[in-house]
Amino acid sequence: MKLSTLRAFQYKSFKVVYFIYMSSIMIVFRGTIQLGRYFYHSASQVRRMSEVSVLVPNYYVPIYYRSIEEVSVARSWLQLSLHCIMVDFAGKQSFWKALKPPAKDKCGELLSSLCYHPSNSILTLTLIKARNLKAKDINGKSDPYVKVWLQFGDKRVEKRKTPIFTCTLNPVFNESFSFNVPWEKIRECSLDVMVMDFDNIGRNELIGRILLAGKNGSGASETKHWQDMISKPKQTIVQWHRLKPE
Ligand SMILES: [Ca+2]
């Protein structure tokens, strides 16, 4: 096989090699790396490839982008998410770059309020704002919105969504959702609150979530919030929660 071009980029824990052959490109990873998803960017297109999750010493990713000439590759780059690595095809042929550890615990925080009126059985969740959300896009931002499921036990019964707030890590939602929950059911129901990143390409991704519940909430602050709501009916209880990755 005659390769028209061979270049390699050295990283601390792995090496990326790409070949351009017959107007196609093939990416080769050597080292030990876990890949989440990867994107190929050029002046005219952004393509997200299928998700890969593998830990191997030698991993060959056959990405065949047809009709790519070397001049256009020089203006393109490959994004490997999960480890936030950028491979700049126009850069130096060999260089070192520190890998960022996956910031699994830093999903951001959500300010919300809960209020329950036993007389008319209305449970109101207000999503006020979020701060320091995890960046999911290549521009270092996200396009957050919140998806909420009302659950009885394990059963999801009602879904609500906020609008999408583009290109921000500190959205102000100011959105209230009311649910009809009889008093005798309030202890067994819960709210699954998911902060999502909207994407034009592919599926929207979870930034972080909390489960607001009287028992088995996603954390101590979530459980306390629910119990405070029940013990102080008709009062609006406001609390910050740290978002969880899963
Ligand atoms: Ca996005």
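For reference, positions follow the sequence shown, starting with 1. All ligand and atom numbering here is 1-based and tracks the order in the structure.
For residue Phe198, an N/O/S atom approaches the Ca ion (ligand 1) to within less than 3.0 Å.
Per residue Asp199, closest N, O or S atom to the Ca ion (ligand 1): atom name OD1. For the Ca ion (ligand 1), the nearest N, O or S atom contributed by Asp143 is named OD2.
Residues Val238 and Ser112 are not in side-chain contact: their nearest non-hydrogen atoms beyond the backbone lie 4.5 Å or more apart.
Annotation for Leu169 and Gly140: closest pair CD1-O, 3.5 Å, computed over non-hydrogen atoms.
For the pair OD2 of Asp197 and OD1 of Asp137, the angle whose vertex sits at the Ca ion (ligand 1) is 70° to 10 degrees.
Residue pairs meeting the ring-ring contact (aromatic ring centres under 6.0 Å, His included) criterion with at least one member in residues 204-238, sequence neighbours excluded, are His225-His241.
Under a cut-off of 6.0 angstrom, the local environment of CG in Asn216 is sparse, with at most 12 non-hydrogen atoms contributed by other residues, nucleotides or ligands.
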